[in-house]
Amino acid sequence: MTIANGNGNGHGPAQRKHKVTVVGSGNWGTTVAKLVAESTREHPDVFEEDVQMWVYEEKVTIPKDSPHYDAAVGEEPQNLTSIINKYHENVKYLPKIALPSNVVANPSLQDAVKDATVLVFNFPHDFIHSILKQMKGHILPYARGISCIKGVTVDDDKIELICEHIGDTLGIYCGALSGANIASEIANEEWCETTIAYNTPPCDIRSTNGASNGNGTSNGNGEHKDSRGQISKTKLVPLPQEYPPLDHEEFHKLFSRPYFTVSMVSDVVGVSLGGALKNIVAIACGFVEGHGWNMTAKTAVMRRGMLEIIAFAREFFPETINEKTLWEESAGWGDMIVSCTAARNWRYSKMAVERGVSVQEIERTELNGQKLQGISTSREVSSFLRSKGLEEHYPLFKAVELILDQKIKVEEIPHLFRRQ
Ligand SMILES: NC(=O)C1=CN([C@@H]2O[C@H](COP(=O)(O)OP(=O)(O)OC[C@H]3O[C@@H](n4cnc5c(N)ncnc54)[C@H](O)[C@@H]3O)[C@@H](O)[C@H]2O)C=CC1
Ligand SMILES: O=C(CO)COP(=O)(O)O
């Protein structure tokens, strides 16, 4: 147990510090581990300095021309975790970026999350079920999460936000971080913005004398509202008093950097759906550009894509969506613009059309293990809409699935809108 001296947060004379673990270590996972580790160093009163980063272990070869090439090891494949901890660089997923030495790569998921009060989820959503299954029962019951994952989970005719799926599966509260964020640019400390949606659970809200509502007041029963505005079936364990609170102020401290401007909001639906669904639109933009059409066609795709995102949010989360998020926050139009002009889903679907191969083939051959979230999100959203008999209401989402399956050609996209 780590005790922090002083009452930096005004909540008692001695406190435990928050241990932060980043679950995932891809392109964005490693970037977020870097920025969070810089913040934990800057706020030693609130956070333990070391940040655990869980790494899905794999063997990696360091080529001869790399500054990390070790003649004694030669081109023998090494564990990625050992490379990260020795050279402070994720040579596979975030090459040429120096990581702070307090990012500690850990191949054991259960060991990495043990005792963490703050869990940052950051891996391709394709792996969510197996990762959560391994974590279940191995985390603190009062841990809190932030999901940086862009996607949704679909089970037949049910759709869940990723952050809520995480929260319900693990029995904790989990917010969402999303924005116009290209990992390599942020890792290079080029300025950008993001949005974090977090609704401090009532049981964690402390009165001015530092007492939490978890101690016997009406909000102390662990109830909180879900993303549809109903009382969640997940009952929360309150964050113990000896920890600093976890609310907008602390999450702002943890994620914001001089080069990473964070806007804190409460709308988990807008932040999550904006980030997930724009990946389908980005694929559509790549398709039209790969086909040889230019900005006017891409603008039509972006505009119609945003209308489908708003319609989807209104249709399936009518009680809670705050459309302002999509118009005003980085997680809305900002993310749409960057994703349709500069990010991977756009870039590689454009390449697929130019080369006359499938996007899935390009993902396999060109991405060195990185994932295009738009492919799986398109499939999940389309199957969900089909289960509701509503796919015709979302022609752009439908077109993307049909083109991914090579059932229609890019030039047929405008026909789908003819009567609208
Ligand atoms: N890269 C970016 O610029 C941004 C990504 N995001 C989102 O962040 C999330 C994570 O993306 P990235 O970190 O870029 O991932 P990535 O695209 O770099 O994916 C590679 C990661 O997947 C892991 N992986 C591979 N097979 C696995 C398995 N069987 N089980 C578990 N993990 C496995 C790899 O170890 C590696 O950490 C995604 O939802 C993405 O949409 C959000 C903003 C920016
Ligand atoms: O989410 C992103 C930009 O905000 C990154 O998108 P890609 O996964 O398409 O690179």
Side-chain angles (χ1 to χ4, degrees), residues 22-35 53-60 79-81 84 90-95 97 105-107 109 120-135 146-153 161-163 166 176-188 190 192-195 260 271-272 274-286 329-351 359 362-364 366-378 380:
V22 178
V23 181
S25 55
N27 191 232
W28 186 222
T30 309
T31 302
V32 168
K34 171 185 179 289
L35 65 88
M53 177 173 77
W54 171 65
V55 175
Y56 178 75
E57 190 68 290
E58 56 188 295
K59 296 281 186 193
V60 172
N79 285 337
L80 181 56
T81 43
I84 295 172
N90 186 340
V91 294
K92 177 155 184 190
Y93 293 107
L94 194 65
I97 298 293
N106 191 336
L109 179 53
V120 180
F121 296 86
N122 202 330
F123 48 81
H125 81 267
D126 318 56
F127 308 119
I128 192 150
H129 300 299
S130 83
I131 290 176
L132 295 184
K133 200 168 155 201
Q134 292 173 67
M135 286 177 67
I146 297 288
S147 165
C148 307
I149 300 167
K150 291 182 175 174
V152 287
T153 57
L161 307 179
I162 293 274
C163 59
I166 291 171
L177 178 155
S178 183
N181 301 144
I182 295 201
S184 54
E185 296 182 8
I186 297 156
N188 275 316
E190 295 170 33
C192 82
E193 318 178 276
T194 205
T195 316
F260 196 56
V271 168
S272 303
L277 300 178
K278 64 81 193 175
N279 278 333
I280 308 178
V281 185
I283 289 199
C285 275
E329 290 292 334
S330 180
W333 262 113
D335 197 3
M336 175 72 87
I337 291 166
V338 85
S339 297
C340 294
T341 53
R344 296 171 301 183
N345 282 280
W346 161 77
R347 187 181 307 284
Y348 290 100
S349 51
K350 174 171 174 281
M351 185 186 285
V359 186
I362 292 285
E363 187 187 45
R364 261 193 309 279
E366 303 298 323
L367 272 115
N368 194 27
Q370 294 185 34
K371 302 293 279 179
L372 298 178
Q373 298 283 262
I375 301 175
S376 37
T377 305
S378 164
E380 283 157 341

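Whatever order the structure lists ligands and atoms in, that order sets their numbers, starting from 1.
- An N or O contact shorter than 3.5 Å links K371 to ligand 1 by distance.
- Looking at P107 and N79, their side chains never come closer than 4.5 Å, going by heavy atoms from C-beta outward.
- Considering backbone and side-chain atoms alike, W346 places every N or O at 3.5 Å or more from each N or O of ligand 2.
- Taking NZ from K34 and CD1 from I186, the interatomic distance works out to 10.0 Å, rounded to the nearest 0.5 Å.
- With ligand atoms numbered from 1 in the order given, ligand 2 contributes 4 (O) to contacts under 4.0 Å with heavy atoms of A180.
- The ligand atoms of ligand 1 that sit less than 4.0 angstrom from a heavy atom of C148 are 7 (C), 8 (O).
- Of the inter-residue distances, the one linking F123 atom CZ with S147 atom OG reads 7.5 Å to the nearest 0.5 angstrom.
- When hydrogens are left out, the protein atom nearest atom 4 (O) of ligand 2 is D335 OD1, 2.6 Å; that is the closest non-hydrogen contact.
- The single protein non-hydrogen atom nearest to atom 10 (C) of ligand 1 is N122 OD1, 3.3 Å, given as residue, atom name and distance.
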Worksheet entry | Residues M135, F121; criterion side chain to side chain contact (heavy atoms under 4.5 Å, CB included); working and verdict | CA-CA 12 Å; M135 286 177 67; F121 296 86; 3.6 Å; yes
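- When each atom of ligand 2 is checked for a heavy atom of V338 under 4.0 Å away, the hits are 3 (C), 4 (O).
- With values rounded to the nearest 0.5 angstrom, E380 atom CD is found 9.0 Å from Q373 atom CD.
- The E58 neighbourhood of ligand 1 comprises atoms 35 (O), with distances under 4.0 Å to a heavy atom of that residue.
- For the pair S339 and V281, the minimum side-chain heavy-atom distance is 4.5 Å or more.
- Side-chain atoms of N90 do not come within 3.5 Å of backbone N or O of T30 as any donor-acceptor pair.
- In terms of protein heavy-atom proximity, atom 34 (C) of ligand 1 is nearest to Y93 OH, 3.5 Å.
- Among all non-hydrogen protein atoms, the one lying nearest atom 8 (O) of ligand 2 is R344 NH2, 3.0 Å.
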Discussion item. With side chain to side chain contact (heavy atoms under 4.5 Å, CB included) as the criterion, how do Y93 and L80 come out once you've worked through the C-alpha distance, each side chain's angles and the decisive distance to 0.1 Å?
Written reply: CA-CA 10 Å; Y93 293 107; L80 181 56; 4.1 Å; yes
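- Contact atoms of ligand 2 toward K150: 1 (O), 2 (C), 3 (C), 4 (O) (distance under 4.0 Å to a heavy atom of the residue).
- Between S349 atom OG and I280 atom CD1 the span is 12.5 Å, to the nearest 0.5 Å.
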Discussion item. Side chain to side chain contact (heavy atoms under 4.5 Å, CB included), that's the test. Do K371 and E363 meet it? Break it down for me.
Written reply: CA-CA 7 Å; K371 302 293 279 179; E363 187 187 45; 3.9 Å; yes
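- Contacts between Q373 and ligand 1, counted as non-hydrogen atom pairs separated by less than 4.0 Å, involve the side chain only.
- Of the N or O atoms in G179, one or more lie within a sub-3.5 Å distance of an N or O in ligand 2.
- For the pair T81 (side chain) and A105 (backbone), a donor-acceptor distance under 3.5 Å is absent.
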Worksheet entry | Verdict with reasoning, T377 to H125, per side chain to side chain contact (heavy atoms under 4.5 Å, CB included) | CA-CA 9 Å; T377 305; H125 81 267; 3.3 Å; yes
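- Using 4.0 Å as the threshold, G369 has a heavy atom nearer than that to some atom of ligand 1.
- Under the 4.0 angstrom criterion for non-hydrogen atoms, R344 is in contact with ligand 1.
- Atom CG of L132 sits about 9.5 Å away from atom CD of Q134, to the nearest 0.5 Å.
- Summarising the geometry, atom OG1 belonging to T341 is positioned 9.0 Å from atom CZ belonging to R347; distances are rounded to the nearest 0.5 Å.
- Distances below 4.0 Å separate heavy atoms of I149 from the following atoms of ligand 1: 39 (O).
- Counting only heavy atoms of the protein, atom 5 (C) of ligand 1 lies nearest to W28 CB, 3.4 Å.
- Taking distance alone, with nitrogen or oxygen atoms compared against 3.5 Å, Y56 approaches ligand 1 more closely than that limit.
- Close approach to N181 involves these atoms of ligand 2, each under 4.0 Å from a residue heavy atom: 2 (C), 3 (C), 4 (O), 5 (C).
- At a heavy-atom distance under 4.0 Å, only side-chain atoms of F127, from C-beta outward, approach ligand 1.
- In this structure, atom 18 (O) of ligand 1 lies nearest to the protein heavy atom N27 N, 2.9 Å.
- With respect to atom 44 (C) of ligand 1, the closest heavy atom belonging to the protein is N181 O, 2.9 Å.
- Aromatic ring orientation, F260 versus W28: perpendicular (interplanar angle above 60°, classes split at 30° and 60°).
- Here the side chain of K150 pairs a donor or acceptor atom with the backbone of G179 at under 3.5 angstrom.
- When non-hydrogen atoms are compared, ligand 2 lies under 4.0 Å from the side chain of K278 (C-beta onward) but not from its backbone.
- When each atom of ligand 1 is checked for a heavy atom of I182 under 4.0 Å away, the hits are 3 (O).
- The distance from ligand 2 to the heavy atoms of S339 drops below 4.0 Å at these ligand atoms: 3 (C), 4 (O).
- At a heavy-atom distance under 4.0 Å, atoms from both the backbone and the side chain of N345 approach ligand 2.
- Counting heavy atoms under 4.0 Å from ligand 2, residue A282 does not touch it at all.
- Of the candidates A183, G26, P124, it is P124 that places a heavy atom closest to atom 19 (O) of ligand 1.
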